[in-house]
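Take a look at the structure set out below.
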Number of protein chains: 2
Amino acid sequence: MVEYALHLDFLFSSLSDPTRRDILARVSRRELSVSDLVQHYNMSFAAISKHLMVMERAKLIVKRKEGRKQMVSLAPDALKGADEYLEQYRLMWQGRYDKLDALIQ
Amino acid sequence: MVEYALHLDFLFSSLSDPTRRDILARVSRRELSVSDLVQHYNMSFAAISKHLMVMERAKLIVKRKEGRKQMVSLAPDALKGADEYLEQYRLMWQGRYDKLDALIQ
DNA sequence: GTAATATTAAACCAAATGGTTGAATATGCA
DNA sequence: TGCATATTCAACCATTTGGTTTAATATTAC
């Protein structure tokens, strides 16, 4: 009945929070420690740590231990799953634009 | 601090549920009434009705009244917001593949 | 060894989510 | 008119989510 794609569940729900999207943008520019990230937000260390756990489960980020720091960076192919999901619909809406273009010309 | 993009919140959180993704797939093929949709799922009419309200808020679907039926179809540009969000990252990961290609050749 | 730093774990809380059932509201049909 | 159909609304419930604070665990520095 309903297709079972747990990864898409995690991925999209992870992307649905503005703090997490902001974190994603930051770590996509450069690798950052959890402390580095915390400085930019008006919430506790633990809250950011939790957001990072959610993002890790969604395979949006990866962590690498460096001494006592956890360095966070964009996961390889972080958004590939989402992009592949959209692909099927992209054809559809590009099709519509093609039709529109055809009408105009 | 955190960019405010409520539509992306609604859009991604709407996409994070497998039932809603399934509904999206169905109505993208053809316009369907709420009753038509309910038949395919093992949950109450009200539950599906709620899912549709969530999807409407996310502008994934539109409803059109036809007598006592509500006909549901894919919204124009339903996934455009998501696609535009991914766009910035797409350049990034395509960049990586280009680098990889360069290494291989 | 002790203190400071970096992070996670645990317990808690309020609000949101995904479901239920039953009542209310429109619309169509005989 | 009265009944059946289609949908939403309202109240409820259990679970998840996004936050808090405090305690625990590593690691580094003195």
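Every chain is numbered from 1 and lettered A, B, ... according to where its sequence line falls, protein lines coming before strand lines. None of these values were measured; they are calculated from a predicted model.
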**Prompt:** Is the distance from OP1 or OP2 of D:dT20 to the nearest side-chain N or O of A:S44 less than 4.0 Å?
**Reply:** yes
**Request:** Tell me whether the OP1 or OP2 atom of D:dT7 has a side-chain N or O from B:S49 closer than 4.0 Å.
**Result:** no
Given atom [atom1] of [X] and atom [atom2] of [N], what is their separation to the nearest angstrom?
X     : N      : atom1 : atom2 : answer
B:F45 : D:dT5  : CZ    : C1'   : 9 Å
B:L32 : D:dT7  : CG    : P     : 11 Å
A:R21 : D:dG18 : CZ    : P     : 12 Å
A:L15 : D:dG18 : CG    : P     : 12 Å
B:L52 : D:dC9  : CG    : P     : 12 Å
B:K69 : D:dT5  : NZ    : P     : 13 Å

**Item:** Pairwise side-chain contact, A:M53 with A:K63, heavy-atom cut-off 4.5 Å (strictly under)
**Value:** yes
**Prompt:** Within a strict 4.5 Å, meaning less than it, do heavy atoms of the B:V54 and B:D17 side chains meet?
**Reply:** no
**Prompt:** Excluding sequence neighbours, so at least two apart, what forms side-chain contact (heavy atoms from CB on, under 4.5 Å) with B:S33?
**Reply:** B:S35, B:D36, B:K69, B:M71
**Request:** Answer yes or no: does atom NZ of B:K59 have more than 12 heavy-atom neighbours from other residues, nucleotides or ligands under 6.0 Å?
**Result:** no
**Complete:** With a 4.0 Å cut-off (strictly under) to non-hydrogen atoms of chain B, the first and last hit nts on DNA chain C, 5' to 3', are C:dG18 to C:dG28
**Asked** Taking the six-membered ring for Trp, are B:F12 and B:Y85 parallel (under 30°), tilted (30 to 60°) or perpendicular (over 60°)?
**Response** perpendicular
Can you pull every protein N or O that's under 3.5 Å from an N or O on nucleotides 12-17 of chain D?
none

**Message:** For A:L60, run the side chain to side chain contact (heavy atoms under 4.5 Å, CB included) check against A:I23, A:L79, A:L74 and tell me which one passes.
**Reply:** A:L79
**Prompt:** Quick one: do the B:Y41 and B:D22 side chains pair a donor with an acceptor below 3.5 Å?
**Reply:** yes
N/O to N/O distances under 3.5 Å, protein versus nucleotides 27-30 of chain D:
residue	atom	partner	partner atom	Å
D:dT27	OP1	A:K65	NZ	3.4
D:dT27	O2	A:R68	NH1	3.4

**Request:** Taking salt bridge (charged side-chain N to carboxylate O under 4.0 Å, His left out) as the test, write out the residues that go with A:R29, two or more places apart.
**Result:** none
**Message:** For B:R64, give me all partners under salt bridge (charged side-chain N to carboxylate O under 4.0 Å, His left out), at least two apart in sequence or on another chain.
**Reply:** B:E31, B:E66
